[in-house]
Amino acid sequence: MRTLVGLLTSNHALLQLEAARCLHELSHSEQSVVAEACLPATSYLLTYLSGHSSDFIELCLYTLGNLIVESETVRRQLLPQGIIPALAVCIQSPHVAVLEALGYALSQLLQAKEAPEKIIPSSILASTLPQHMLQLLQPGPKLNAGVAVEFAWCLHYIICSQVNNALLITYGALSTLGLLLLDLAGAVQRTEDAGLELLACPVLRCLSNLLPEAAVETMGGQMQLRDERVVAALFILLQFFLQKQPSLLPEGLWLLNNLTANSPSFCTSLLSLDLIEPLLQLLPVSNVVSVMVLTVLCNVAEKGPAYCQQLWPGPLLSSLLHILAFSDTEVVAQSLELLQLLFLYQPEAVQAFLQQSGLQALERHQEEAQLQDRVYALRQTALHR
């Protein structure tokens with residue numbers, strides 16, 4: 001290590017580069033003792049981040065990122081050495097490769113177990129990094145997919161820490177992510193590029209986690225988007241996921257759930273755009289997807305009689321009766337919840353349920369311990385309306 005540090009700090013550019021490559025190879029080790037052996041080199045790696053060679057800077061960033069993953073000792077030394085200010089300088093680089101490497105190193109730092117308490121509040125949010133990240137996520141001709149993916153995940157880790165999401169919203173995070181969602185929906189309609197889901201996933205998660213922080217009824221203003229555009233874009237992505245990447249459907253449905261949970265206006269958009277039937281078509285995908293679809297429908301039904309009246313026509317009842325033949329307890333429980341809301345606000349639903357042998361469908365679940373109370377309550381509601 002002493003020899004490597006000597007070469008790294010020599011006046012010969014080629015030797016410096018080769019020494020940095022050796023350190024990079026060492027940084028791939030999964031042994032924390034190897035990462036800690038590299039400690040004498042970290043201050044020099046940080047210093048070289050302000051150099052002129054983009055290739056050298058990129059190599060230093062990936063090396064630092066690898067060292068950060070394996071050792072808390074390394075992370076503890078890098079912070080007082082000034083890694084955050086150094087990264088804040090790098091994020092202004094015009095070189096795409098440097099920005100991707102920076103995103104990688106930063107994401108490793110943000111995933112550290114001590115990040116929510118010791119790194120994000122005092123270092124990251126106090127720096128200019130969040131504002132620059134959001135600038136790099138702005139849709140437009142300058143948006144680079146690889147860079148955007150890295151920084152969308154970085155933003156996700158910051159948001160999940162729940163240190164100060166309100167601050168991110170004041171920086172325009174909801175607006176930027178909302179516009180990026182629209183941009184992604186347009187992109188999946190124009191291209192078969194399967195790489196788009198790599199960016200869609202962190203964008204959906206960021207929005208989903210930010211929504212509880214925002215006052216939902218004023219969120220439309222903060223996003224500077226009309227409700228219909230957000231919901232329409234989300235459904236374009238859901239259809240894309242259904243065809244290309246079904247494992248991402250829960251991510252989109254989780255956002256739809258958070259949009260509709262406390263917002264009558266987003267529920268209205270769902271109905272006015274005739275999106276209930278496309279939503280029901282997702283039910284057979286998996287039990288997880290079924291529960292989330294039913295939860296979104298419950299969000300709509302909870303808004304009262306006017307919403308249930310619009311939910312009611314169409315294939316909803318036949319879908320729910322089909323679900324009652326399921327054996328998955330969670331799916332059935334959520335369908336019982338939706339039926340209870342429909343019975344409460346839409347009397348016609350009770351009559352149709354009885355006429356289509358709904359009580360017989362309920363009988364198969366009346367002995368299940370987790371469902372007994374709900375089955376009994378629904379039966380009583382149906383018979384005494």
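All values derive from a computational prediction rather than experimental measurement. Residues take their numbers from the sequence shown, with the count starting at 1.
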Colleague: For Gln370, I'd like to know if atom CD has over 12 heavy atoms of other residues, nucleotides or ligands within 6.0 Å.
Modeller: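 Not more than 12 within 6.0 Å, no.
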Colleague: Does a sphere of radius 6.0 Å around CZ in Phe235 hold more than 12 heavy atoms from other residues, nucleotides or ligands, not counting ones at 6.0 Å or beyond?
Modeller: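 For Phe235, atom CZ is crowded (more than 12 foreign heavy atoms under 6.0 Å).
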Colleague: If only side-chain N and O atoms count, and only distance matters, is there a donor-acceptor pair under 3.5 Å linking Ser29 with Glu70?
Modeller: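 Short answer, no.
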Colleague: Any Lys/Arg nitrogen of Glu72 or Lys113 sitting under 4.0 Å from an Asp/Glu carboxylate oxygen of the other?
Modeller: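 Yes, charged N to carboxylate O under 4.0 Å.
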Colleague: Does atom CD (Glu117) have a neighbourhood of more than 12 heavy atoms from anything else shown, all under 6.0 Å?
Modeller: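 No, not enclosed.
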Colleague: Keeping the roles fixed (side chain from His24, backbone from Leu59), state whether a donor-acceptor pair exists under 3.5 Å.
Modeller: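 Not confirmed, His24 side chain does not pair with Leu59 backbone.
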Colleague: In terms of heavy-atom contacts, does CD of Glu330 have more than 12 from other residues, nucleotides or ligands at under 6.0 Å?
Modeller: no
Colleague: Calculate, to the nearest 0.5 Å, the distance between atoms CG and CG belonging to Leu378 and Leu383 respectively.
Modeller: 9.5 Å
Colleague: Nearest 0.5 Å please: distance from the OG atom of Ser43 over to the CD1 atom of Ile83.
Modeller: 12.0 Å
Colleague: Is any side-chain heavy atom of Leu64 less than 4.5 Å from a side-chain heavy atom of Val74?
Modeller: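 Sidechains of Val74 and Leu64: no contact.
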Colleague: Is there a path of hydrophobic side-chain contacts, each under 4.5 Å between heavy atoms, that joins Val89 and Leu110?
Modeller: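 Per the 4.5 Å side-chain linkage, Val89 and Leu110 are not co-clustered.
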Colleague: Side chains of Glu368 and Val375: closer than 4.5 Å at any heavy-atom pair?
Modeller: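 With C-beta onward as the side chain, the pair stays apart.
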Colleague: Give a yes-or-no answer on whether the side chains of Asn209 and Asn165 include a donor-acceptor pair shorter than 3.5 Å.
Modeller: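 The answer is no; no qualifying pair exists.
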Colleague: Output, in order, the C-alpha distance, side-chain angles, deciding distance and verdict of side-chain hydrogen bond (donor to acceptor under 3.5 Å, both in side chains) for Thr42 and Gln81.
Modeller: CA-CA 9 Å; Thr42 55; Gln81 283 179 343; 3.2 Å; yes
Colleague: Is a donor on one side and an acceptor on the other found under 3.5 Å between the side chain of Arg75 and the backbone of Ile68?
Modeller: yes
Colleague: Just say parallel, tilted or perpendicular for the rings of Tyr104 and Tyr62, cut-offs at 30° and 60°.
Modeller: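 Because their plane-to-plane angle lies in the 30° to 60° range, the rings of Tyr104 and Tyr62 count as tilted.
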Colleague: Does the Asn299 side chain pair with the main chain of Asn257, one donor and one acceptor, at a distance under 3.5 Å?
Modeller: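 Indeed, once roles are kept as given, a pair shorter than 3.5 Å links the two residues.
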Colleague: Got more than 12 heavy atoms from elsewhere within 6.0 Å of CD, Glu277?
Modeller: no
Colleague: Looking only at atom types and distance, does a side-chain atom of Ser272 sit under 3.5 Å from a main-chain N or O of Ser269, one as donor and one as acceptor?
Modeller: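 Confirmed, Ser272 side chain pairs with Ser269 backbone.
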Colleague: Go through the steps to decide whether Phe326 and His322 satisfy the test ring-ring contact (aromatic ring centres under 6.0 Å, His included), and finish with yes or no.
Modeller: CA-CA 7 Å; Phe326 276 31; His322 177 70; 5.7 Å; yes
Colleague: Has Glu30 got more than 12 heavy atoms of other residues, nucleotides or ligands less than 6.0 Å from its CD?
Modeller: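 No, not enclosed.
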Colleague: Does a side-chain heavy-atom distance below 4.5 Å link Ile57 with Tyr48?
Modeller: no
Colleague: Would you please say whether a donor-acceptor pair under 3.5 Å links the side chains of Gln340 and Thr381?
Modeller: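 Per modelled atom types, Gln340 and Thr381 side chains form a pair under 3.5 Å.
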Colleague: Is any side-chain heavy atom of Ser208 less than 4.5 Å from a side-chain heavy atom of Arg205?
Modeller: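 Side-chain contact under 4.5 Å: no.
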Colleague: With a 4.5 Å cut-off on side-chain heavy atoms, are Val147 and Leu137 touching?
Modeller: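 They are not in contact (no side-chain heavy atoms under 4.5 Å apart), so the answer is no.
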Colleague: Please check if the side chain of Ser53 supplies one atom and the backbone of Phe56 the other of a donor-acceptor pair under 3.5 Å.
Modeller: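 At least one qualifying donor-acceptor pair exists.
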Colleague: Are Thr268 and Tyr307 close enough, and set up right, to give a side-chain hydrogen bond (donor to acceptor under 3.5 Å, both in side chains), and what steps lead you there?
Modeller: CA-CA 8 Å; Thr268 300; Tyr307 290 85; 3.1 Å; yes
